[in-house]
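This report refers to the structure that appears directly beneath it.
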Amino acid sequence: MRALSTLYVRDHRARVGLQQRALVVSVGPARTRVPLEVLDGVVLLGSGQVTTEALGACVKRGVRVASMQRDGRLRFVVGGPVSGNVHLRIAQLTAATEPERAAAISRWVVAGKLQNYRRLLARWSWDAQGIHKANLVEQAEVIAVRLSSLGGATDGDKIRGLEGDGTRRYFKGLAAQLASTRAGLYFGGRNRRPPRDPVNALLSYLYGLVLVEVVGALDALGLDPQIGYLHGVRPGRPSLALDLLEEFRPSIADRLAVRLITRHEVRPGHFITTAGGACYLSDDGRERVVRAYEAFKEDEVPHALLGRTIPRWSLPATQATLMARHLRGDLPVYPPYVMAP
């Protein structure tokens, strides 16, 4: 059973303050009190404000505070003091400066992502018919070929090229899956910054929600979310968090997105389109997605390396721990999370 939870502040008018040992969310005359001891995170989904006293109390207790833009991108994440062993961070930085080591970690990250893509396409093909089924099978087979090519790839650009091509193939399969279900939301390809259609808006938003969890998991272990391998190092970019996010895009975000669309839990009316053509979830749409996301994370899923089932919400912390163990030398390779067949 999950001991801690995340507080999502959705209203743009909200103000988060502190009262004794609890956060108080005020929206006009309405007030909601949440004890700090039951929280592991606060996510601002709109333009809500947090007082200095509330932010300081969260930092003191190790409750991360994150703010997301409406397209799913992170504005910021605030945590507590740097934790973990300094030798772990030295090992993380050293690996990033060694091209062969960085390429090896990138290879396993991409392998996990492509394997999850392949397995998700295979699952969807079970119920598909005709041309849609053929498309799903074809894309899964091509991704399998890209997977086999990864073993001999030692250059970062080559690894990223295989990842990029596998991702394009996967999105072709995703388009076929949504078309086959006739759910009313169609997908013509990935676009972002900003997303231009409802499916892309939903995917970007879910990726942002998962990224918040990954950043928190890395920070809790003392790993620097900005020093990554597949995504390299760029000022202001949480590269290591984006590395780990890759295996969770299909296994968490995409699976949930397709479920929401095919079950008509998210419909065209839950999105808004700006005059410039950008598409975002409406306030009601965000509320539905967040509620479904929290429920989805409670499901138990098999973890092959651990040899048992674990709740989805623990996957980011589990994989961050495995990354730390690899960087310390306890594991010969980084073992990515791979969905069950």
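FYI, the numbering just counts along the sequence from 1. Both backbone and side-chain heavy atoms feed into the values below; hydrogens, waters and symmetry mates do not.
A distance-only check finds a donor-acceptor pair linking the side chain of Q92 to the backbone of I227 [under 3.5 Å]. The backbone N or O of I310 lies less than 3.5 Å from no partner atom in the side chain of S314, so there is not a single donor-acceptor pair. Using a distance-only test at 3.5 Å, with no hydrogens or angles considered, a donor-acceptor pair links the side chain of S106 to the main chain of L230. In terms of modelled atom types and a separation under 3.5 Å, the side chain of E265 and the main chain of R259 share no donor-acceptor contact. For the pair R31 (side chain) and V25 (backbone), a donor-acceptor distance under 3.5 Å is absent. Listed for the N135 side chain is no donor-acceptor partner under 3.5 Å among the backbone atoms of A176. The backbone N or O of G277 sits nowhere less than 3.5 Å from a side-chain atom of T273 that would complete a donor-acceptor pair. A donor-acceptor pair is defined here as one N or O able to donate and one able to accept, closer than 3.5 Å; such a pair exists between the side chain of N116 and the backbone of G112.
Contact annotation: the side chain of Q226 never approaches that of S239 to less than 4.5 Å [non-hydrogen atoms, C-beta and beyond]. Between L114 and R146 the shortest side-chain heavy-atom distance falls below 4.5 Å. Counting heavy atoms from C-beta outward, L7 and V43 have side chains that stay 4.5 Å or more apart. Here the side chains of L327 and I105 are in contact, with some heavy-atom distance below 4.5 Å. Residues R61 and E37 form a side-chain contact, since some pair of their non-hydrogen atoms from C-beta on lies under 4.5 Å apart. P194 places a side-chain heavy atom less than 4.5 Å from the side chain of Y280. The shortest side-chain heavy-atom distance between L120 and R255 falls under the 4.5 Å cut-off. Counting only heavy atoms from C-beta outward, the side chains of L203 and L174 approach each other to under 4.5 Å.
Side-chain contact, D254 with Y207: a donor N or O sits under 3.5 Å from an acceptor N or O. Looking only at atom types and distance, the side chain of E294 has a donor-acceptor partner in the side chain of Y8 under 3.5 Å away. One side chain, R190 or N200, offers a donor N or O that lies under 3.5 Å from an acceptor on the other. Neither side chain, E247 nor S251, offers a donor N or O lying under 3.5 Å from an acceptor on the other. A donor-acceptor contact under 3.5 angstrom links the side chains of R118 and Q115, judged on distance only.
At a threshold of 4.5 Å between side-chain heavy atoms, the hydrophobic network of Ile, Leu, Val, Met, Phe, Trp and Tyr places L178 and V137 in two separate groups. Cluster membership check: M323 shares its hydrophobic cluster with L305, using side-chain heavy-atom separations under 4.5 Å among Ile, Leu, Val, Met, Phe, Trp and Tyr. Residues V38 and V24 are members of separate hydrophobic clusters, defined by side-chain heavy-atom contacts under 4.5 angstrom among Ile, Leu, Val, Met, Phe, Trp and Tyr. L150 and V142 are not part of a single hydrophobic cluster, where members link through side-chain heavy atoms under 4.5 Å apart. Under the 4.5 Å side-chain contact rule for hydrophobic residues, V110 and V333 share a cluster.
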**Request:** Give the C-alpha distance, both sets of side-chain angles, the deciding distance and a yes or no for side chain to side chain contact (heavy atoms under 4.5 Å, CB included) between Y229 and V109.
**Result:** CA-CA 9 Å; Y229 306 102; V109 166; over 6 Å; no
**Request:** Determine, stepwise, if the pair L218 / L240 fulfils side chain to side chain contact (heavy atoms under 4.5 Å, CB included).
**Result:** CA-CA 8 Å; L218 293 170; L240 185 61; 3.8 Å; yes
**Message:** Assess the residue pair E163 and K113 against the criterion (salt bridge (charged side-chain N to carboxylate O under 4.0 Å, His left out)); give the C-alpha distance rounded to whole Å, side-chain angles, the decisive distance to 0.1 Å, and a yes or no.
**Reply:** CA-CA 8 Å; E163 182 270 335; K113 177 183 183 179; 2.4 Å; yes
**Request:** Apply side chain to side chain contact (heavy atoms under 4.5 Å, CB included) to V199 and Y186, showing your working.
**Result:** CA-CA 7 Å; V199 175; Y186 298 96; over 6 Å; no
**Request:** Evaluate the side chain to side chain donor-acceptor pair (under 3.5 Å) criterion for residues H231 and R237: first the C-alpha distance (whole Å), next the side-chain angles of each, then the deciding distance (0.1 Å), finally the verdict.
**Result:** CA-CA 9 Å; H231 288 86; R237 182 170 68 178; over 6 Å; no
**Request:** Kindly indicate, with the supporting measurements, whether the criterion side chain to side chain contact (heavy atoms under 4.5 Å, CB included) is fulfilled by H87 and R328.
**Result:** CA-CA 8 Å; H87 297 293; R328 285 197 303 258; over 6 Å; no
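Classification of E246 and R249 as a salt-bridged pair holds, one side-chain N sitting under 4.0 Å from a carboxylate O. Note on R312 versus E298: no salt bridge recorded, every NZ/NE/NH1/NH2 to OD/OE distance being 4.0 Å or above.
Other residues, nucleotides and ligands contribute over 12 non-hydrogen atoms within 6.0 Å of the NZ atom of K133. For CD of E300, the number of neighbouring non-hydrogen atoms (other residues, nucleotides, ligands) closer than 6.0 Å is greater than 12. By the 6.0 Å contact criterion, CZ on R33 is enclosed, its count of non-hydrogen atoms from other residues, nucleotides or ligands being greater than 12. Counting heavy-atom neighbours within 6.0 Å of R192 CZ, excluding the residue itself, gives a total of 12 or less. For H264, the NE2 atom counts as densely surrounded, since its 6.0 Å shell holds more than 12 non-hydrogen atoms of other residues, nucleotides or ligands.
Distance check, rounded to the nearest 0.5 Å: CG of L281 to OG of S204 gives 9.5 Å. Expressed to the nearest 0.5 Å, how far CG of L331 lies from OG1 of T321 amounts to 10.5 Å. The distance from the CZ atom of R267 to the CG atom of D284 is 8.5 Å, given to the nearest 0.5 Å. S125 OG to L136 CG: the interatomic distance, rounded to the nearest 0.5 Å, is 6.0 Å. Once rounded to the nearest 0.5 Å, the distance linking CG of L23 with CG of L18 reads 6.5 Å. Between W313 atom CH2 and E213 atom CD the span is 10.0 Å, to the nearest 0.5 Å.
Residues A103 and I159 come closest through the heavy atom pair O-CD1, 3.4 Å. Residues A253 and L206 share a closest heavy-atom pair of O-CD1, 3.4 Å. L185 and P268 get closest at one heavy-atom pair: CD2-CG, 3.7 Å. When all heavy atoms of T51 and G17 are compared, the closest pair comes out as OG1-CA, 3.7 Å. Closest approach of A111 to L147, counting heavy atoms only: O-CD2, 3.6 Å. Residues V145 and S148 come closest through the heavy atom pair O-OG, 2.6 Å.
Between F171 and F187, the distance from one ring center to the other falls under 6.0 angstrom.
Partners of R160 according to the side chain to side chain donor-acceptor pair (under 3.5 Å) rule, which considers only residues two or more places apart in sequence or in another chain, are D157.
For residues 322-341, the set of pairs meeting the ring pair (Phe, Tyr, Trp, His ring centres under 6.0 Å) definition, not counting sequence neighbours, comprises H303-Y337.
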